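If you're wondering where the values come from, they're calculated on a predicted model, not measured in any experiment. Below, read A as the first sequence line, B as the second, and so on, with proteins coming before strands; counting in each chain starts at 1.
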Amino acid sequence: MSSNATKINPYTNKAYSANYFVQREQALALPVASALPDLLSAVANNNVVIVVGETGSGKTTQLPKAVLEQLQKDGRRLALTQNRRLAAQLVAARIAEEMDVPVGTVVGLRHRGCDLVGKATRLEVVTDGSLIMAAKADPKLTGYSAIVIDEAHEHSVATDLLLGLLKELAVQRQNDLKIIIMSATIDADLFGNFFPGSVVKTVSGREHKVLLSYLASPAQSSVDTIVETILQVHMFGRSGNILVFAPSVGEIFKIIKMVEEALGGTRTRLGPEDVGPMSCWPLHATLSPDAQERAVHAVAPARCNGRTGRKLIVATNIAETSITLTGVTHVIDSCKVKSKIWNVEDESWCLREQWVSKAAARQRAGRAGRTREGMAYRMCTEGGFHEQMLEHSVPAIMEGDMLRECLDILKMGRSPLTFPYIIAPATETIVKALGILRQLGAIDAKGGSLTSRGMEITRLPVDVYSAVVLLDSPRFGCSDEMLSLISMMEASEGGKQLFLTAFTDEEKAQIAKIRNYFKHPSGDHLTLFNIYTAWRSASSAGTADAFLKENKLLGAILKSADSTRLQLLRILYRHESWALRFMSPLRLDYYNLMLKALAAGNYLRVAKRESKSEPKKFTTLSNSAVARVETSLGPPSGANEWVMYNEYASDGNTKRFLRCVSAIPPECLVSAQPGYWRDPEFLPHGHIRDSLVKVIANMTGGSEDFIRGGMPNAPSGTS
DNA sequence: CTCTCCCT
């Protein structure tokens with residue numbers, strides 16, 4: 001020990017700490033340790049190496065660290081990607097501890113809102129989205145001599161785009177860049193075939209056996225069957241915590257309520273005498289970080305009357321990858337997931353519940369075998385599992401609208417139609433996305449290349465339409481107000497996640513009353529703005545906490561809006577053509593100008609009311625679809641003949657909805673983007689076109705300035 | 001009467 005203790009850490013030129021030797025012992029015991037020499041020689045002799053390793057192999061921390069020592073010390077770095085911020089933080093901390101350095105020195109960490117990369121950094125742990133950002137600024141990624149993509153099997157959009165880019169860099173930077181793709185499942189063929197000349201290496205993992213159990217016949221009610229299974233396991237199963245995968249938050253609450261009723265008490269009370277105590281915890285992303293923390297770290301109740309005490313966690317798929325729970329030996333899997341899917345044909349989004357893939361079900365079951373042998377109960381028949389479920393989950397790139405991705409690909413100097421996708425989205429989706437981007441002025445009408453507006457949009461981390469609003473907003477004198485409003489839209493998902501979850505009818509009524517208090521008659525957008533403004537003034541008065549509590553608002557959402565706002569402001573400030581402008585709330589046209597600024601980016605998302613007798617039924621201008629308004633903060637009131645919306649959604653059948661909606665005077669629409677509206681030829685003949693023609697005729701009859709748009713008067717605030 | 005999950 002004493003001779004070891006004198007060893008010098010080459011990265012710090014200081015003696016290693018005692019902890020270093022403890023960490024090194026543990027690292028040497030990982031399954032990947034014995035495979036390292038072989039992996040390193042594969043990396044030395046090949047440009048692209050695919051590493052397939054099961055969870056628990058230790059590949060994520062050990063391989064990048066070892067590769068780093070092989071690389072030339074020329075100041076260039078090794079990038080190691082993760083699909084989530086939390087994962088990136090944990091991996092960076094782990095590697096830094098093993099190398100006996102603090103994060104931010106030799107080991108760096110980078111993701112949105114965090115830049116711990118310095119001159120000394122040689123190994124950079126980064127989210128895949130953040131590496132895409134870097135690739136947009138430098139498409140050859142010249143600052144890196146090695147890139148390690150982790151969790152490639154998850155097929156996040158950013159990872160799939162990076163793989164396409166790396167396929168080309170593997171040729172362009174043949175002797176200059178090492179590429180390592182790490183994946184957990186066995187679609188090694190996919191990656192191996194994608195990179196010509198690559199080698200595939202397999203590393204064994206270390207997981208305990210998980211026994212599988214299926215239903216004898218398909219479940220009539222999934223919730224009832226899950227609750228029955230929970231009670232069976234609790235009464236007769238061996239000790240250990242129970243983790244349930246439910247498809248949605250609604251089901252989580254139903255399950256917990258039913259279990260508590262069956263056990264005859266509230267959360268931690270003792271059940272009937274022959275059953276031990278069980279504490280129930282919900283776990284999902286809309287829970288505050290505090291509540292998530294409590295669910296993860298709560299200790300199972302003690303054994304009572306000789307009966308086992310247990311902790312029951314009912315989670316969405318957040319527990320599949322993002323959060324690791326300890327002490328779980330029983331997994332009950334609904335085998336269902338929800339995913340948001342883009343329908344190119346009518347440009348609608350649909351949240352659909354589907355069977356999980358076999359790969360996802362295996363991942364879920366594996367959560368029961370982290371500490372010792374476990375059990376997994378699947379809420380489907382064995383035949384159904386093998387015959388009906390897909391082998392792998394559908395990659396995210398195939399379910400999205402490709403708007404932002406097309407811009408990103410163009411910014412990386414490639415064409416969205418010929419990009420070497422590892423999994424290609426439908427050509428129709430790409431063509432549609434390019435069409436929308438052309439209408440928004442982000443790409444050229446002819447060549448399909450990025451316009452200067454398109455370039456600016458790629459730098460703004462918001463919805464593409466909202467980016468247009470932000471870039472255009474100084475024209476209306478309210479860029480400051482739009483920054484707040486758009487940041488709120490991003491943070492709260494259009495107002496969906498803003499208030500605490502209401503359990504009782506009383507709480508629901510309370511929240512409805514609060515909503516009503518902040519409500520602007522035009523609808524969702526300005527209501528969000530009102531809430532943000534009220535919170536900001538409470539903050540500067542030092543009463544933010546009381547304000548949040550009183551109004552049952554989620555502080556995390558408002559804080560995240562605030563940090564998004566600051567990030568956007570920093571980016572926009574660098575644009576020469578952009579200026580921070582704000583208005584006096586006393587102006588008569590205060591709210592009208594904000595609606596106009598919103599209309600400048602949302603002019604492709606406008607609908608008109610069918611008739612006065614059906615106040616919620618609207619027809620979209622883009623594809624003449626009939627949809628109902630479904631607002632999160634209360635419907636627009638008054639003469640809401642025209643509305644703009646942020647989401648056009650489908651129930652998967654015949655129903656269509658407009659979400660995040662505001663009423664807008666048609667004159668505002670026209671004057672915000674006169675070039676687009678001047679000539680309503682693009683609309684099919686009918687009542688919408690007729691009324692628009694009438695509106696425009698009345699406006700041209702008036703002042704020319706009005707239709708030309710922009711600020712009729714000088715803005716009241718400029719800075 | 002609807003709200004899976006991440007990322008910039």
**Asked** Can a donor-acceptor pair be found between the side chains of A:Thr564 and A:Gln567 at a distance below 3.5 Å?
**Response** no
Nearest whole angstrom, please: distance from the [atom2] of [N] to the [atom1] of [X].
{"X": "A:Trp349", "N": "B:dC3", "atom1": "CH2", "atom2": "P", "result": "15 Å"}
{"X": "A:Glu320", "N": "B:dT4", "atom1": "CD", "atom2": "P", "result": "15 Å"}
{"X": "A:Asp401", "N": "B:dC7", "atom1": "CG", "atom2": "P", "result": "18 Å"}
{"X": "A:Glu151", "N": "B:dC5", "atom1": "CD", "atom2": "P", "result": "18 Å"}
{"X": "A:Arg364", "N": "B:dC5", "atom1": "CZ", "atom2": "P", "result": "11 Å"}
{"X": "A:Ile341", "N": "B:dC6", "atom1": "CD1", "atom2": "P", "result": "18 Å"}
{"X": "A:Asn653", "N": "B:dT2", "atom1": "CG", "atom2": "P", "result": "13 Å"}
{"X": "A:Phe657", "N": "B:dC1", "atom1": "CZ", "atom2": "C1'", "result": "8 Å"}

Would you mind classifying the nucleic acid contact of [X] as base, sugar-phosphate or nothing, using non-hydrogen atoms under 4.0 angstrom?
{"X": "A:Asn83", "value": "sugar-phosphate"}
{"X": "A:Glu490", "value": "base"}
{"X": "A:Ser130", "value": "sugar-phosphate"}
{"X": "A:Arg112", "value": "base"}
{"X": "A:Val157", "value": "nothing"}
{"X": "A:Ile318", "value": "sugar-phosphate"}

**Asked** How far apart are the closest heavy atoms of A:Phe499 and A:Ile511, and which atoms are they?
**Response** CG-CG2, 3.8 Å
Ionic contact status for [Y] with [X], cut-off 4.0 Å:
{"X": "A:Arg453", "Y": "A:Asp472", "result": "yes"}
{"X": "A:Lys340", "Y": "A:Glu647", "result": "yes"}
{"X": "A:Glu630", "Y": "A:Lys655", "result": "no"}

**Asked** In terms of the nearest nucleotide of DNA chain B, which residue is placed more toward the 5' end: A:Val249 or A:Gln567?
**Response**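 Looking at the nearest nucleotide for each, A:Val249 comes out on the 5' side.
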**Request:** Tell me which of A:Met133 and A:Gln497 sits closer to the 5' end of DNA chain B, going by the nucleotide each one is nearest to.
**Result:** A:Gln497
**Request:** Quick one: do A:Leu485 and A:Leu598 satisfy side-chain contact (heavy atoms from CB on, under 4.5 Å)? Show the steps, please.
**Result:** CA-CA 10 Å; A:Leu485 198 156; A:Leu598 284 166; 4.0 Å; yes
Hey, does the side chain of [X] come within less than 4.0 Å of [N]'s phosphate (OP1/OP2), counting only N and O?
{"X": "A:Lys338", "N": "B:dC3", "value": "yes"}
{"X": "A:Ser339", "N": "B:dT4", "value": "no"}
{"X": "A:Thr127", "N": "B:dC7", "value": "no"}

**Complete:** Closest to the side chain of A:Pro461, out of B:dT8, B:dT2, B:dC3, is B:dT8
**Request:** Could you please name the option among B:dT8, B:dT2, B:dC7 that lies closest to any side-chain atom of A:Arg84?
**Result:**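 Minimum distance to the A:Arg84 side chain belongs to B:dC7.
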